[in-house]
**Student:** 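What follows is a single structure, and I will ask about it in a moment.
This structure is a prediction, so every number in the text was calculated from the model and none was measured. The chains referred to below are lettered A, B, ... by the order of the sequence lines, with proteins before strands, and numbering in each begins at 1.
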Amino acid sequence: MGETTNIFETHFANQQTVFLDRNAISPHFMPNKFPFREKQIHEISQIFSTNLNQKKSDNLFLYGKTGTGKTSVTRLVLRQLLEFAGKQNLPINGTYINCRNHNSKYRVLSKVVKELFPEENFLGYSAAFIYDKVMDGVNKKKTNYLIVLDEIDKVKDLDDLVYALTRSNDELENGSVSVVGISNNVFFKERLDPRTKSSLCQHEMIFPPYNAEELNKILDERAELAFKPKAIEESAINLAAAFAAKESGDARTAVMLLLKAGELADKKQETSVQDVHVQKAKKKVEEELILNMIATLPKHQQLLLHTIASLSMHKKSQQRITGTIEELPLFSGEIYEEYAKNARNVKEQPVSARWYREYISELEMFGLILTAASGHGIRGNTRLIRLSFDAKKIKEALEKQFENA
DNA sequence: CCTCCACAGGAAGCGCAGGAGT
DNA sequence: ACTCCTGCGCTTCCTGTGGAGG
């Protein structure tokens with residue numbers, strides 16, 4: 001054996017990296033600067049500052065697509081408010097709650113009560129008791145309490161919750177409770193009960209998507225923190241910004257693109273991140289999205305997709321023999337027959353032909369396949385079907401999926 | 001031109017799980 | 001805890017459509 005070398009040590013020593021602080025482009029990183037959100041920051045802090053005069057601040061509703069900075073901006077302003085209040089000894093409290101994990105009135109109130117009484121345990125108490133306890137806590141502390149409800153559309157009994165929280169202000173002798181709702185569903189507001197809507201939307205604010213130029217600036221700033229000097233090409237940043245702007249205007253995916261590009265450069269032990277890496281990263285992200293999508297498909301839709309993948313590979317090999325040039329699409333009928341056969345092979349009752357057509361439409365909507373109406377030269381009125389992505393990759397992904405099931 | 005083929009996609013209805021109402 | 005209701009996934013049945021072939 002000789003002398004022992006720590007395998008990680010060599011790994012660490014030999015590994016050269018383009019990153020300076022990889023954390024700065026991780027999805028969880030909380031920047032303290034938000035370019036192009038000055039107006040929103042100003043407006044929110046304006047509203048929050050009412051609390052500094054020991055008065056209840058207005059409720060607030062924020063919406064905009066994912067990656068537009070709603071959450072980060074709100075958390076930043078809240079944190080600074082609490083810091084300032086702490087220094088000045090002002091009675092202000094606040095909690096950020098993600099409603100994906102706290103998706104009911106009871107869970108939200110439990111979270112609040114835990115903040116108010118950190119030492120006590122409230123497991124198993126009734127909803128009414130928890131509510132009273134929250135009121136009691138706010139009243140005794142004479143505090144102005146800010147509750148930030150992120151992904152507020154996930155709360156099942158939201159009308160109840162908002163009603164309870166607004167009503168609480170009438171019951172409180174001291175202190176107050178204000179609500180900040182955040183949602184990325186634009187239509188969510190319209191579906192609310194009118195009373196809930198009017199109390200929640202005392203103020204509302206929109207976070208628009210970023211355009212390419214803005215994303216560019218944002219990425220520039222982050223890249224400076226995250227990458228070593230000269231370890232990333234300007235054009236690579238431009239490219240990542242352009243991709244993200246075209247897709248969604250989402251800063252998170254733009255940043256993610258840079259992170260993946262950096263990882264790819266590291267893997268190849270290259271000294272700088274270039275356009276190629278961003279392109280590859282984009283492809284990788286897309287692939288992951290597709291695989292994710294495939295994994296969540298119902299079983300029979302997976303079987304169907306697997307059939308389509310197998311058949312199109314089969315056709316391709318035939319093509320090589322006959323020397324046909326253009327890619328042959330599959331006929332709707334032949335796919336159904338083959339699918340039904342495959343389903344029975346694995347002891348599954350195939351879905352009806354009608355429902356199969358519905359599946360085909362869905363797969364098309366997801367962008368996994370392409371369909372076209374049969375034109376001249378083909379008998380009957382049918383659909384011609386082709387895979388949108390590499391058949392082999394999709395087939396492999398599905399087979400892995402079946403193994404796990 | 002008519003008929004047949006090979007489907008597309010609408011309408012109705014069925015069984016079931018899960019939420020609302022009491 | 002109970003029923004009632006509703007939405008969902010699906011089947012059955014049906015009418016519509018566009019080209020091939022006689």
**Student:** Could you tell me whether A/Glu263 and A/Lys267 make a salt bridge, using a distance below 4.0 angstrom between a side-chain N and a carboxylate O?
**Tutor:** no
**Student:** Name the nucleic acid region contacted by A/Tyr359, choosing base, sugar-phosphate or nothing; use a 4.0 angstrom heavy-atom cut-off, strictly under.
**Tutor:** sugar-phosphate
**Student:** By the 4.0 Å heavy-atom rule, please label A/Thr382 as base, sugar-phosphate, or nothing.
**Tutor:** sugar-phosphate
**Student:** A/Asn381 CG to B/dC4 P: how many Å, rounded?
**Tutor:** 18 Å
**Student:** If you restrict it to nitrogen or oxygen atoms, what contacts under 3.5 Å exist between nucleotides 10-14 of chain B and the protein, and what is each distance?
**Tutor:**
from, atom 1, to, atom 2, distance (Å)
B/dG10, N7, A/Arg354, NE, 3.3
B/dG10, N7, A/Arg354, NH2, 3.2
B/dG10, O6, A/Arg354, NE, 2.9

**Student:** Taking the side chain as every heavy atom from C-beta outward, state whether A/Asp220 and A/Glu234 have any atom pair closer than 4.5 Å.
**Tutor:** yes
**Student:** Can you check whether A/Ile232 reaches A/Leu258 side chain to side chain, under 4.5 Å on heavy atoms?
**Tutor:** yes
**Student:** Hey, what do you get for CG (A/Leu264) to NE2 (A/His277), rounding to the nearest 0.5 Å?
**Tutor:** 6.5 Å
**Student:** For the atom pair OG1 (A/Thr271) and CG (A/Asp266), what is the distance rounded to the nearest 0.5 Å?
**Tutor:** 10.5 Å
**Student:** Please state how far atom CD in A/Glu337 lies from atom C1' in B/dC7, giving the value in whole angstrom units.
**Tutor:** 13 Å
**Student:** Taking for each residue the nucleotide of DNA chain B with the nearest heavy atom, is it A/Gly380 or A/Arg383 whose nucleotide lies nearer the 5' end?
**Tutor:** A/Gly380
**Student:** Quick one: does A/Lys39's side chain get under 4.5 Å of A/Glu43's, heavy atoms only?
**Tutor:** yes
**Student:** How many Å lie between CH2 on A/Trp355 and P on B/dA8, as a whole number?
**Tutor:** 15 Å
**Student:** To the nearest 0.5 Å, how far apart are CZ in A/Phe243 and CD in A/Gln279?
**Tutor:** 5.5 Å
**Student:** Shoot me the first and last contacting nucleotide of DNA chain C against chain A, ordered 5' to 3', at under 4.0 angstrom to non-hydrogen atoms.
**Tutor:** C/dG9 to C/dA20
**Student:** Measuring from A/Lys299:NZ to A/Gln302:CD, what's the distance to the nearest 0.5 Å?
**Tutor:** 9.5 Å
**Student:** Send over the distance from A/Leu384 CG to B/dA6 C1', rounded to a whole Å.
**Tutor:** 12 Å
